[in-house]
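Just below is one structure, and these are the notes that go with it.
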Number of protein chains: 2
Amino acid sequence: MAATSGGKTYHHGDLRNALIGAAVDLATEGGPERVVLREAARRVGVSPTAAYRHFAGRGELLRTVRGHARRRLAAAMEGTAAREPGADDPALAAERRLAALCRGYIAFALEQPGLYRAAFHTVRPAPGHGSAADLHAEESECRAFVLLGEALEALGRFRTPSGTVSRPAACAAVWSAVHGLSLLLLDGPLRRLPAPRRDAVVDTTLAMVVSGTRGL
Amino acid sequence: MAATSGGKTYHHGDLRNALIGAAVDLATEGGPERVVLREAARRVGVSPTAAYRHFAGRGELLRTVRGHARRRLAAAMEGTAAREPGADDPALAAERRLAALCRGYIAFALEQPGLYRAAFHTVRPAPGHGSAADLHAEESECRAFVLLGEALEALGRFRTPSGTVSRPAACAAVWSAVHGLSLLLLDGPLRRLPAPRRDAVVDTTLAMVVSGTRGL
DNA sequence: GCCCGATGTTGACCGCATGAACATTCCGCG
DNA sequence: CGCGGAATGTTCATGCGGTCAACATCGGGC
């Protein structure tokens, strides 16, 4: 029986994906805290514990949603960067691309606050569970980071009075700025900032990043 | 009866503060999610619902803890800045103070992850409750922000190719960087970074901030 | 000295995560 | 084709947490 057919069947046929979809919706609506097994099951029309046939528990569902959210974020960044006009000077083009990626990042956070929060929500396993290595591998999957890294690479200039700055470190610095800004605007004390001021803050932060990156 | 006397009495005498203390401990141990009314009551040796005589609910307790955490954060920043040697050049001194405040900020986040997370945890009221104005007033109380602002003021230079950058916006930019970095290192994908690399990332970010601020 | 209000306590209800035991269905093997 | 085990759902039960209402106790002002 196909999930697409209307008839109710004992076996859903695509429960896993249906649950993921519902969970993503929940995250979109209210962030990771709102991702609740029972509610997802309810929306899919299945009993509360059915999810355990497909996920180890709420944590795993949440991690799946997180992966989804991270992919959406990266896609948003690339979309914004793709719409950015190029430049003759390759250095200028690289700088523009970096700024565009950052703008895309922040725009995604502001437009999809729930998903954005889910993208970086840390799922704490009950103490004593889960192999650190497994988690680590999965953790690293964050294309947003890679995109920023590539843009910085293209920029290719990392000097400092005291020696050389590694590109990953520079990448982390840039990421820190956009991530922090996003959270402050979303959840933090800069929430409720009227839109024009908010844009000014974004512009200033981006200016700091670009200028600061120039100086590294 | 004093809270200090050993005898058990029906009335605690200082329940509110005792609960706050327990809640702060909980936040210190496991962040805002771990701040649980029942557990706080348990630790204080009181029935689960006693807290409702002093707090509207978990949300209010959490907000109280948040205020406490924010104060601790600001104190840590000031402490670090106070230990920073001055400089003859006032501009240099100002720059150093700014960097020191940022370092203090990040150090606090790394040393007190639970409290730090609690300091910026957003308590979502059930939809339809709470006057926005009240919350707003309380929201703004974040001395960390003020400290950064003052340091920037002392720096006193905000120019950009396209005009003038407001000091609050610059402040937000700096804050974004340190806040984002703290979260990435604490909870985010940069968790588990070995200490030396972590320090490198912190240094790089601070360099970006200082250099970037210079360029504003 | 008594009474009211502040402060705690009990008991109850609801939602959630999760595990165990049971039911239904699907599918490959004979 | 038919059957039996593996998948996949369901029901039942436990435990935790937030919160409300009704009841108990204490403390201080009259």
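All of these numbers come straight from a predicted model, not from anything done at the bench. Reminder, nothing fancy here: chain letters follow the sequence lines and each chain counts from 1.
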Taking atom types as modelled, is there a side-chain donor on A/Tyr116 or A/His179 under 3.5 Å from an acceptor on the other? yes
Under 4.0 Å, counting only non-hydrogen atoms across every strand here, what does A/Arg42 touch: a base, just sugar-phosphate, or nothing? sugar-phosphate
Do any of residues 19-41 of chain A sit with a heavy atom less than 4.0 Å from DNA chain D, and if so which? none
For A/Ala119, is there any backbone N or O sitting under 3.5 Å from a side-chain donor or acceptor partner on A/Arg70? yes
Sub-3.5 Å donor-acceptor pair from the side chain of B/Thr122 to the main-chain atoms of A/Asp187, do we have one? yes
What is the distance, to the nearest angstrom, from the OH atom on A/Tyr52 to the C1' atom on D/dA13? 14 Å
Mind calculating the distance between NE2 (A/His54) and P (C/dA17) to the nearest angstrom? 17 Å
May I have the list of side-chain donor-acceptor pairs in residues 20-36 of chain B shorter than 3.5 Å, sequence neighbours left out?
residue: B/Thr28; atom: OG1; partner: B/Val24; partner atom: O; Å: 2.7
residue: B/Glu29; atom: OE1; partner: B/Arg43; partner atom: NH2; Å: 3.0
residue: B/Glu29; atom: OE2; partner: B/Arg43; partner atom: NH1; Å: 2.9
residue: B/Glu33; atom: OE1; partner: B/Arg117; partner atom: NH2; Å: 2.9
residue: B/Glu33; atom: OE2; partner: B/Arg117; partner atom: NH2; Å: 2.8

Provide, to the nearest angstrom, the distance between the CZ atom belonging to A/Arg53 and the C1' atom belonging to C/dA23. 11 Å
To the nearest angstrom, the CG-P distance between B/Leu61 and D/dT19 comes to 10 Å
Mind calculating the distance between CG (A/Leu15) and C1' (D/dA7) to the nearest angstrom? 12 Å
When you check the gap from the basic side-chain N to the acidic O, do B/Arg63 and B/Glu60 get nearer than 4.0 Å? no
When the distance from CZ of B/Phe55 to C1' of C/dT7 is rounded to whole Å, what number comes out? 14 Å
Tell me the interatomic distance from A/Arg58, atom CZ, to D/dC16, atom C1', rounded to whole angstroms. 14 Å
Is B/Arg97 paired with B/Glu150 through a side-chain N to carboxylate O contact shorter than 4.0 Å? no
From C-beta outward on A/Thr49, which listed nucleotide comes closest to its side chain: C/dT9, D/dG9, C/dT18? C/dT18
